[in-house]
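Here is how names work: the chains are called A, B, and so on, in the same order as the sequence lines, proteins then strands, and each is numbered from 1. For the numbers below, each heavy atom of this structure counts, side chains included, while hydrogens, waters and symmetry mates do not.
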Number of protein chains: 2
Amino acid sequence: MRTVVTERAETSADSDPSLAAEAETRRAADSSERAYNTIRKLLVEFKLKPGERINEVQLSRSLGVSRTPIREALNRLASEGFVSLTPNRGFFVRSLSTEGLLDLYEFRSIIECAAFKLMCERADDSEIDRLRSYWEAIVDAYPDQPPDVILAEDEGFHLLIAELSGNPELVGQLSSINARIRFIRRIQIEHPSHDKAQITSHSAIVEAAVKRDAENGTKLLREHIEMTVSATQQALKDALLKVFAPDNGAELKRRRRARDA
Amino acid sequence: MRTVVTERAETSADSDPSLAAEAETRRAADSSERAYNTIRKLLVEFKLKPGERINEVQLSRSLGVSRTPIREALNRLASEGFVSLTPNRGFFVRSLSTEGLLDLYEFRSIIECAAFKLMCERADDSEIDRLRSYWEAIVDAYPDQPPDVILAEDEGFHLLIAELSGNPELVGQLSSINARIRFIRRIQIEHPSHDKAQITSHSAIVEAAVKRDAENGTKLLREHIEMTVSATQQALKDALLKVFAPDNGAELKRRRRARDA
DNA sequence: GAACGCAATAGTGTCGACACTTTCTTGACG
DNA sequence: CGTCAAGAAAGTGTCGACACTATTGCGTTC
């Protein structure tokens with residue numbers, strides 16, 4: 001008997017509209033799951049700001065569920081490094097510093113290079129061909145897609161390499177990393193500094209894969225990622241500024257609102 | 001301001017005696033944490049068997065807490081890959097097949113080699129010296145230690161390399177991997193096939209570190225881990241046999257106990 | 001005699017409540 | 001005026017209860 005693992009890794013772009021709305025109608029059966037997705041989205045989009053304390057009651061009200069599923073979701077997010085937990089004080093949004101981000105990218109580079117190498121050793125020709133055709137199918141339209149699509153396709157490309165490595169651990173890890181850096185990648189894609197060099201990178205990587213040239217392929221990958229990192233640096237600074245500067249006085253209101261009907 | 005992450009990674013060898021006993025006296029304040037440690041231990045030691053469905057009520061009784069902290073612990077364990085969650089059916093002990101174990105070891109090898117390389121590039125002399133002295137301090141007594149100590153010291157050695165890489169992500173990942181394969185490493189250490197070649201491996205690795213010889217060091221590491229893997233294969237088979245054979249009929253009692261005052 | 005429902009039971013998912021801890025407010029004292 | 005302490009308020013950690021879902025056992029039909 002095969003045990004089905006739920007894999008809640010990727011559920012990118014849906015599931016948060018109408019969470020509260022639906023709550024009235026249905027008796028809810030997967031509040032935890034939905035809470036998880038919603039909260040993660042809030043984190044990824046900086047709606048919950050780094051370092052901020054997370055108020056469970058407030059969150060549970062805005063999502064229209066009780067605190068229990070909120071806590072379950074937060075526990076999972078804590079294991080995944082999105083938030084941290086201090087006993088008796090609650091959950092805090094993990095502050096993703098520039099430094100931490102670099103570590104994450106470095107980790108990503110390690111995973112991807114290893115995956116590529118393993119793919120070269122193990123994948124059979126038809127599998128390599130899957131990679132090639134995946135890329136060829138999207139390459140033409142690629143630069144003209146909206147940011148969301150570019151991001152998804154890019155992640156798909158790299159994730160496929162991980163899959164072809166034959167090691168599910170790598171796939172899981174890369175998924176997790178992707179989720180954690182997605183927000184910044186999105187920002188970077190929308191940032192003026194984003195250029196089309198990615199395309200040639202990907203094409204070159206595919207080429208190396210077809211030739212089973214692990215050495216050159218990993219070099220390309222490493223450079224590809226490093227290039228992204230440096231391009232991301234400025235974008236990150238701009239983004240952080242944007243997050244902390246336009247203070248629409250939400251904090252102040254919070255103080256007042258004590259008792260609401 | 002630096003946010004301190006709680007890091008529940010390592011709490012190796014304690015925290016489960018007197019869990020139920022203490023529950024009477026104190027009003028409990030960290031049941032979740034304790035449940036987490038206890039359950040993880042149960043998993044690691046095969047007290048909860050691979051593929052088995054986890055009964056929350058049963059668990060909560062035996063730990064003397066309500067289901068809430070149990071579920072929080074299980075959620076964390078699910079994120080970490082120890083158990084899986086199927087909606088409306090509950091948590092299942094993740095079946096760690098031989099195959100899955102190989103993937104895990106491979107992943108470990110990837111992390112460790114990368115860490116070593118980074119360490120060679122970045123660690124200053126005093127840090128490298130910490131590694132050297134760590135090993136020199138324990139090497140003589142090493143082979144004569146009890147299995148628990150050997151395991152802890154070995155993990156400490158490899159973890160130190162990860163720390164010296166300067167990338168906290170790697171440390172976290174390696175901790176997590178260690179926890180997941182600890183049970184089998186223990187079995188392997190106690191197994192007759194365990195030999196003292198580890199010692200010379202570690203010494204050689206230290207030597208390479210001192211010389212900042214990344215290439216040779218990673219090669220040694222890779223071989224070191226691969227050697228462990230192959231030595232582990234037979235030990236694993238023996239262990240699995242031992243786990244599934246002695247059925248002490250605990251299941252039957254469960255049927256009777258329906259209503260208790 | 002086997003397949004199919006159907007009721008009874010076991011078990012999960014969620015909720016609201018309460019005890020305890022931390023944080024904020026207020027007022028006395030130096 | 002600033003510091004500190006006591007009380008109030010807010011918030012977390014845990015519990016028991018209940019609604020809903022899956023599973024098991026039993027009787028019916030073909």
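You'll find that the side chain of B:Ser32 is closest to D:dT14, out of C:dC15, C:dT21, D:dT14. Listed candidates were D:dT14, D:dT21, D:dT12. Nearest to the side chain of A:Glu56 is D:dT12. Comparing C:dG11, C:dC15, D:dT14 by their closest approach to the side chain of B:Arg53 singles out C:dG11. Here the side chain of B:Arg67 is nearest to one of D:dC15, C:dT22, C:dT12, namely C:dT12.
The CG-C1' distance, from A:Leu63 to C:dC15, rounds to 15 Å in whole Å. In this structure, B:Leu85 atom CG and D:dT21 atom C1' are separated by 14 Å, rounded to whole Å. Atom OH in A:Tyr36 sits about 16 Å away from atom P in C:dT14, given to the nearest Å. When the P atom of D:dT12 is taken as reference, atom CG of A:Leu59 falls 10 Å away, rounded to whole Å. Rounded to whole Å, the distance from CZ on A:Arg61 to P on C:dC15 is 14 Å. Counting to the nearest Å, the C1' atom of D:dT12 and the CD atom of A:Glu72 are 16 Å from each other. As a whole-Å value, the separation of A:Gln58 CD from D:dA10 P is 12 Å. C:dT14 atom C1' lies 17 Å from atom CD1 of B:Ile70, rounded to whole Å.
Across all strands shown, A:Ile54 has heavy atoms under 4.0 Å from sugar-phosphate atoms exclusively, and none from any base.
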Should B:Arg76 and B:Glu33 be marked as a salt bridge (Lys or Arg N to Asp or Glu O under 4.0 Å) after you check the CA-CA gap, both sets of side-chain angles, and the distance that decides it? CA-CA 10 Å; B:Arg76 301 209 283 245; B:Glu33 187 76 20; 3.6 Å; yes
Taking it one step at a time, do A:Ile177 and B:Glu169 satisfy side-chain contact (heavy atoms from CB on, under 4.5 Å)? CA-CA 10 Å; A:Ile177 297 170; B:Glu169 288 294 330; over 6 Å; no
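Among A:Glu56, A:Glu72, A:Arg61, the one residue that satisfies the side-chain contact (heavy atoms from CB on, under 4.5 Å) test with A:Arg67 is A:Glu56. With respect to A:Glu155, the salt bridge (Lys or Arg N to Asp or Glu O under 4.0 Å) criterion is satisfied by exactly one of A:Arg108, A:Arg182, A:Arg186: A:Arg182.
A:Asn55 has a side-chain polar atom (N or O) that falls below the 4.0 Å cut-off from OP1 or OP2 of D:dG11. For B:Thr68 and D:dT14, the shortest distance from a side-chain N or O to OP1 or OP2 is not below 4.0 Å. Applying the 4.0 Å criterion to OP1 and OP2 of C:dT14, one finds that A:Ser31 has a side-chain N or O inside that range.
Of the two residues near DNA chain C, A:Asn88 and A:Ser66, the one whose nearest nucleotide lies more 5' is A:Ser66.
Heavy atoms only, all atoms of each residue included: A:Arg94 and A:Gly81 are closest at CD-O, 2.8 Å.
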